[in-house]
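Written out below as structure tokens is the structure these notes cover.
Chain A is the first sequence line, chain B the second, and so forth, proteins listed ahead of strands; every chain is numbered from 1.
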Amino acid sequence: MTVSKFLVAAATILLSATTFAAGTHGGGHDHGAASGEPGKASEASRTITVEMYDNYYEPESIIVSPGETVRFVVENKGNLVHEFNIGTPEMHEGHQEEMMMMVEHGVIQGGKLNHDMMSMDMGNGKTMKHDDPNSVLLEPGQSKEVVWKFTEKGDIEFACNVPGHYQAGMYGDVNFE
Amino acid sequence: MKTRLLTGLLSLLMPAMVMAGEYDLTVDRVKIDTGDFVKEGIGYNGVSPGPVMRFKEGENVRINVTNNLDEMTSIHWHGLILPFDQDGVPGISFPGIKPGETFTYEFPIQQAGTYWFHSHSGFQEPDGAYGSIVIEPEGREPFRYDREYVVQLTDKHPHSGDRIMRNLKMMTDYYNRDQQTVGEFFSDVSENGFMNTVRDRMAWGGMRMMKADVEDVHGFTGLINGKGPDQNWTGLFEPGERIRLRFINSSAMTYFDIRIPGLDMTVVQADGNNVQPVSVDEFRIGVAETYDVIVRPKDEQAYTIFAESMGRSGYARATLAPEKGMEGSVPPMREPARLTMADMSGMPGMDHGSMSGMDHGNMDMSSSGDMSGMDHSNMGSMDHSNMEGMDHSNMKDMDHSGMSGMSGMSGMDHGSMAMGTEEKSDPFYAKGSGLMPKAANGGKFLSYADLKAQDPLYEVREPTREIELRLTGNMERYTWSINGVKYEDADPIRLKYGERVRFKFVNETMMTHPMHLHGMWSIVDVGAGQWNPIKHTVSVQPGTTVYMETEVDAPGQWAFHCHLSYHAAAGMFRKVIVEGGPESTQAKTDVIAKDGGEV
């Protein structure tokens with residue numbers, strides 16, 4: 001029984017690997033000028049602490065000036081896994097499909113991340129590692145940094161794309177001076 | 001000792017310090033106009049449905065209920081955690097409210113979310129005696145929205161509840177307009193062959209059930225907030241806003257499948273309790289359940305809220321629109337569901353007719369369309385190697401080539417293998433059940449398995465004991481019962497304060513039963529451990545077993561019943577007595593008079 005279950009699971013993973021490649025998770029999004037670019041910590045003008053709760057941010061909006069580099073200290077103070085991701089609403093929407101896949105494959109399990117599953121080779125050199133420079137994915141109690149340069153004005157939000165969280169309102173506005 | 005006295009004094013003073021709200025409700029005879037027909041019914045403050053009662057968590061409420069009817073009445077606050085003598089069930093919580101009298105309910109609000117209230121006397125609730133409750137939380141909600149609407153559904157029937165019950169008792173299929181026809185018999189014959197069809201019909205006849213027994217009361221008009229499909233209740237929005245819709249199913253008998261074509265719905269609450277948000281295309285709402293969803297219409301257009309009954313015998317319809325008068329298209333109803341053999345798999349000792357000794361080895365699988373509901377998982381010793389005719393063609397996405405160990409997998413469960421996305425099945429339905437929900441657009445349909453508590457109320461611990469409740473009935477005589485015994489012949493279920501009981505529901509009937517335990521939360525076992533959600537009403541589908549656990553933390557005596565009005569009245573009902581607990585709440589139960597003691 002265990003063997004058969006494993007085989008079925010393996011088959012499912014193989015099946016979806018093809019679909020997954022199209023998602024190019026870990027392969028980098030299209031970080032166009034729309035949302036900015038990875039910044040250098042040495043150029044950061046200031047540090048903003050963003051606390052993540054179930055399921056909302058504090059603060060829920062920030063003000064930056066065009067060209068400014070900000071060092072974000074992101075802390076997960078909730079009981080569930082949350083993401084802090086800087087992007088346009090369209091980018092978030094695209095990313096949500098990938099995050100859904102991570103839930104379906106058991107990478108995100110409520111309050112836990114399955115790290116073994118994240119680094120597993122999906123058969124095409126791709127993994128489900130969540131290592132884009134515009135985002136961090138945190139378990140409860142974890143804290144990480146994101147350094148981001150807001151190159152120009154745009155429709156930018158920071159958002160949690162764990163399935164359902166963004167739709168329920170877990171996002172914050174990036175307003176420009 | 002001194003500290004105790006002090007605490008006692010403090011708790012006496014406490015109520016004076018918290019907010020207190022006073023509310024008035026009158027129970028009245030009203031006219032109900034569905035657009036299809038006008039009937040006399042019962043309502044609150046002159047209308048049906050009654051008002052939205054808005055409370056605040058932490059508040060003490062006093063609600064003065066004046067009975068303007070010429071019969072006894074009562075109000076039950078569905079889903080609210082409160083002292084048992086405020087729960088409003090005649091004969092269990094209190095004697096009821098006499099004609100012309102005013103009864104004052106008084107209790108603290110200890111929770112937040114969407115709930116409802118209704119009469120617990122006779123068939124006043126199906127006759128229109130219901131309203132909604134919205135409780136604002138003390139802290140912030142774990143989600144955001146710009147506006148909110150209560151969306152309260154019901155199945156309004158032209159006949160009064162008393163008349164429906166009389167007719168059902170006389171002839172159980174009195175209200176079933178969806179019987180299988182001679183034409184359907186011949187189309188089955190052409191698809192399945194004559195003998196198979198006759199055998200199938202005989203098996204169903206032997207159970208005194210029909211495949212069309214999904215709903216036992218047809219002929220209703222679905223209402224949303226008191227409006228029929230043509231009257232089209234409309235909620236306004238500005239494009240881009242997030243809207244919280246508080247769905248409440250106040251039907252007497254009807255489950256609804258709800259969708260808003262063009263919009264994702266993110267479910268954030270079930271039965272008033274926050275759940276981890278899950279986005280769906282469609283969901284099924286059981287009788288007495290509530291679901292809160294957030295939608296975000298981005299376009300300047302009208303969206304139809306479409307709620308088909310589970311058996312497709314009727315529907316409710318409403319609209320979300322940027323302006324009054326705008327309408328979206330109303331989709332046609334889908335084909336009525338037909339129960340399958342899987343739905344009767346829970347019936348014990350059932351004679352499957354000629355199926356019982358069936359030799360699967362000789363079965364020609366490719367022509368047995370009716371066997372789709374067959375659960376292969378129970379055939380432990382089945383030898384697949386002899387099944388030459390088995391048709392694997394539906395499993396097209398599967399690559400067998402890598403599975404070298406396949407020949408040894410005799411116990412393999414073909415039913416639960418998810419082949420891509422098309423074969424996703426809900427574990428809360430019997431495999432192959434005719435009631436298995438499917439989203440109209442092929443997308444995501446909410447399952448109980450998706451419901452996970454946002455912030456679990458109770459710690460997980462081992463249950464102290466298990467109580468099995470078999471949901472039983474005889475359709476032919478319209479008797480509904482628990483463990484084969486109807487309410488008037490049954491002893492109460494006795495629980496001990498402080499224990500954690502695991503209830504095992506085994507549905508041995510072919511109908512879905514929404515089981516409602518008053519006064520204490522039902523922790524539904526969806527397999528999520530500490531994240532299992534808490535509900536007040538738990539649907540048990542035909543041919544399935546569902547577990548729920550209850551922390552017995554509310555002293556007194558409570559009702560526990562199927563929330564289908566006519567099933568509860570027929571006897572699928574129990575009194576629960578919680579023994580022990582804080583002294584102040586004990587023994588008062590003896591005082592409760594038996595007058596008006598009817599469900």
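Side-chain polar atoms of A/Glu157 and A/Tyr166 form a donor-acceptor pair below 3.5 angstrom. Counting only N and O atoms by type, the side chains of A/Asn161 and A/Glu98 include no donor and acceptor under 3.5 Å apart. No hydrogens or angles considered: nothing links the side chains of A/Thr151 and A/Glu37 as a donor-acceptor pair under 3.5 Å.
If you measure heavy-atom distances from A/Gln96 to chain B, you find no contacts under 4.5 Å at all. Contact annotation for A/Tyr53: neither backbone nor side-chain heavy atoms come within less than 4.5 Å of a heavy atom of chain B.
Contact check on B/Asp257 versus B/Arg284 returns a salt bridge, with a Lys/Arg side-chain nitrogen under 4.0 Å from an Asp/Glu carboxylate oxygen.
No other option in B/Arg140, B/Arg296, B/Gln530, B/Arg244 has as many heavy-atom pairs under 4.5 Å with chain A as B/Arg140.
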